[in-house]
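Below: one structure, written as structure tokens.
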Amino acid sequence: MNERTILAIVTLVACLNLSAAYAQMNVDERFARSQPDVVMAHRSAVIGEAPENSLAWLQGAIDRGIDMVHINPQLTADDSYILMHDLTLNRMTDVERVFPDGPPNGPSREQRGGKDFVRDYTIDQVKQLRLVTSEDSAPHRIPTLQEALDLVDGQVIVVLGLKNYEIDSLTQALAGRQTRNVLLWGLYFSGTDQSKLRGIAAATGIDVAIVLFRSRNYLADLEKIYLQIGERIRMVSVGSAGLTPEFLARMEELDIRLMISGFAGPEDNALVNRNDPAKWNAALELGFAASTDRPDLLLEALGR
């Protein structure tokens with residue numbers, strides 16, 4: 001074996017080892033100042049033809065090299081956690097066909113205003129349903145949180161968008177799992193009490209990403225949420241409009257990473273409709289991470 005061949009083999013092995021290490025990188029390592037920008041697939045992101053919060057969607061994100069994924073665990077009637085963004089099952093599943101009268105254990109669909117709430121169905125009943133989308137005719141099951149975390153297995157950072165949950169049951173669901181690749185994701189409305197989010201962060205030992213939702217003053221709301229959550233906050237997500245030097249300086253002082261939420265903003269709009277990444281490039285000059293509905297296009301624009 002000549003020297004050139006040996007060098008090629010050594011280089012290949014090094015690259016494979018680097019890829020493996022990167023795939024298992026935890027939040028602390030990936031959020032280091034030396035790391036490149038993070039691309040997060042918002043829960044509504046287009047990933048192939050797979051529906052949001054499905055195992056196929058997660059696998060597609062892993063295969064494409066997306067850095068972070070946003071999923072939504074929700075509590076069932078028997079205290080299990082499934083992935084579903086809406087509080088109801090009607091938009092994303094065939095629940096009205098499978099259970100024409102509503103949840104077998106009540107209350108009826110009519111009593112619930114024509115809606116089928118996740119919290120009214122047991123895990124066994126949910127397993128009878130399938131996700132439905134207009135883009136993909138394949139039958140997708142509704143995954144449990146455990147199935148989703150098993151699939152990810154540290155290959156991407158998982159952001160748990162918290163909606164319908166309880167501190168004790170979610171803590172138990174995450175007990176014994178590797179959570180160094182997990183963040184808790186909470187919406188902060190100005191003036192709201194975040195004691196429940198603080199409680200789940202303390203109980204699980206998992207850090208927090210905060211969305212300053214509909215904020216009119218990023219700096220003021222940052223100070224308010226920091227008083228409630230403190231050093232558990234690792235990332236704050238805002239729109240690019242309204243950024244000020246004072247807010248950016250305070251984020252640096254607190255060592256909190258900035259995510260630009262562009263999935264419903266000018267960044268994704270320019271990228272999708274005009275194939276123009278300029279607005280995303282400008283946003284990422286200020287922020288460290290991007291929340292996008294088109295991670296495939298953004299990664300391509302970033303040369304990845």
Side-chain angles (χ1 to χ4, degrees), residues 42-44 51-55 57-58 69-96 98-99 101-109 111-132 140-152 157-179 181-189 192-211 213 228-229 232:
H42 182 254
R43 60 89 189 166
S44 56
E52 64 187 51
N53 280 301
S54 67
L55 294 181
W57 187 90
L58 283 170
V69 290
H70 173 205
I71 60 175
N72 303 103
Q74 283 216 52
L75 199 57
T76 64
D78 51 352
D79 295 333
S80 295
Y81 282 90
I82 64 166
L83 298 195
M84 184 66 54
H85 171 263
D86 301 355
L87 295 178
T88 60
L89 295 162
N90 304 81
R91 177 178 70 93
M92 288 299 298
T93 81
D94 57 357
V95 64
E96 294 175 27
V98 177
F99 297 104
D101 298 320
N105 303 321
S108 69
R109 183 175 295 117
Q111 290 173 316
R112 292 294 248 159
K115 299 295 184 180
D116 293 85
F117 287 85
V118 175
R119 198 68 173 96
D120 291 337
Y121 286 82
T122 67
I123 187 64
D124 286 340
Q125 291 160 358
V126 169
K127 286 181 178 179
Q128 299 177 50
L129 307 178
R130 294 295 179 266
L131 295 168
V132 292
H140 295 274
R141 294 186 302 105
I142 301 170
T144 65
L145 175 60
Q146 303 295 344
E147 289 171 335
L149 294 177
D150 286 343
L151 173 63
V152 169
I157 295 172
V158 177
V159 178
L160 300 180
L162 301 179
K163 288 181 171 290
N164 179 23
Y165 71 99
E166 295 174 354
I167 293 176
D168 289 344
S169 60
L170 185 54
T171 301
Q172 184 176 357
L174 294 171
R177 301 200 70 97
Q178 173 57 261
T179 56
N181 288 72
V182 178
L183 284 173
L184 306 174
W185 176 269
L187 298 184
Y188 175 71
F189 297 81
T192 56
D193 173 49
Q194 298 293 317
S195 56
K196 187 176 181 182
L197 180 58
R198 183 174 65 247
I200 188 63
T204 61
I206 301 174
D207 287 336
V208 173
I210 292 289
V211 182
F213 194 67
Q228 297 194 53
I229 307 295
R232 283 287 182 195

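- Side-chain contact between Met84 and Lys163 is absent, with no heavy-atom pair separated by less than 4.5 Å.
- Contact of the Leu170 side chain with the Leu145 side chain is registered, since non-hydrogen atoms from C-beta on lie closer than 4.5 Å.
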field: Leu160 and Ile71: CA distance, side-chain angles, deciding distance, side-chain contact (heavy atoms from CB on, under 4.5 Å) verdict
entry: CA-CA 5 Å; Leu160 300 180; Ile71 60 175; 3.9 Å; yes
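- Of all heavy-atom pairs between Arg43 and Trp57, the closest is O-CZ2, 3.8 Å.
- Here the straight-line distance linking atom CG of Leu129 with atom CE of Met92 works out to 12.0 Å at 0.5 Å rounding.
- With contacts defined as side-chain heavy-atom distances shorter than 4.5 Å, the pair Leu87/Val118 does not qualify.
- Residues Gln228 and Tyr188 form a side-chain contact, since some pair of their non-hydrogen atoms from C-beta on lies under 4.5 Å apart.
- Applying the side chain to side chain donor-acceptor pair (under 3.5 Å) rule to Asp79 yields the partners Arg119; only residues at least two apart in sequence or on another chain are considered.
- From Leu89, atom CG reaches atom CD1 of Ile82 across 6.0 Å, with rounding to the nearest 0.5 Å.
- Scanning for side-chain contact (heavy atoms from CB on, under 4.5 Å) contacts around Asp168 gives an empty result, with sequence neighbours left out.
- One finds the CG atom of Asn72 at 13.0 Å from the OH atom of Tyr81 (value rounded to the nearest 0.5 Å).
- For the atom pair Arg198 CZ and Ile167 CD1, the distance stands at 9.5 Å (nearest 0.5 Å).
- Looking only at distances, a side-chain donor or acceptor of Thr144 sits under 3.5 Å from a matching main-chain atom of Glu147.
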- prompt: For Leu197 and Ile210, what are the C-alpha separation, side-chain angles and deciding distance, and is it a side-chain contact (heavy atoms from CB on, under 4.5 Å)?
  reply: CA-CA 10 Å; Leu197 180 58; Ile210 292 289; 3.5 Å; yes
field: CA sep, side-chain torsions, deciding dist, call: Ile200, Leu162, side-chain contact (heavy atoms from CB on, under 4.5 Å)
entry: CA-CA 10 Å; Ile200 188 63; Leu162 301 179; 4.1 Å; yes
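- Taking 4.5 Å as the limit, every side-chain heavy atom of Thr93 sits out of range of all side-chain heavy atoms of Asp116.
- Closest non-hydrogen pair, Tyr121 versus Thr76, comes out as O-CB, 3.2 Å.
- The minimum heavy-atom distance linking Ala148 with Leu58 is given by the pair CB-CD1, 3.7 Å.
- Side chains of Asn181 and Val152 form no contact here, defined as non-hydrogen atoms less than 4.5 Å apart.
- Residues satisfying the ring pair (Phe, Tyr, Trp, His ring centres under 6.0 Å) test with Trp185, not counting sequence neighbours, are His70.
- Asn164 places a side-chain heavy atom less than 4.5 Å from the side chain of Leu75.
- Residues satisfying the salt bridge (Lys or Arg N to Asp or Glu O under 4.0 Å) test with Arg91, not counting sequence neighbours, are Glu52, Asp86.
- Legend: residues meeting side-chain contact (heavy atoms from CB on, under 4.5 Å) with Gln178, ordered by chain and number and at least two apart, are Arg180.
- In this structure, Ser108 and Asp101 have side chains that are not in contact, with every pair of non-hydrogen atoms separated by 4.5 Å or more.
- What you find for Gly205 and Arg232 is that their closest heavy atoms are O-NH1, 3.2 Å.
- Pro73 and Gly161 get closest at one heavy-atom pair: CD-O, 3.6 Å.
- The minimum heavy-atom distance between Leu55 and Arg141, with the atom names listed, is CD1-NH2, 3.8 Å.
- Within the model, atoms NE2 of His42 and NE2 of His85 stand 6.5 Å from one another, a figure rounded to the nearest 0.5 Å.
- Residues meeting the side-chain contact (heavy atoms from CB on, under 4.5 Å) test with Thr122, sequence neighbours left out: Ala77, Asp78, Asn105, Asp124, Gln125.
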message: Let's go through Lys115 and Arg109 carefully: what are the C-alpha distance in whole Å and the side-chain angles of both, what is the deciding distance for side-chain contact (heavy atoms from CB on, under 4.5 Å) to 0.1 Å, and is it a yes or a no?
response: CA-CA 6 Å; Lys115 299 295 184 180; Arg109 183 175 295 117; 6.0 Å; no
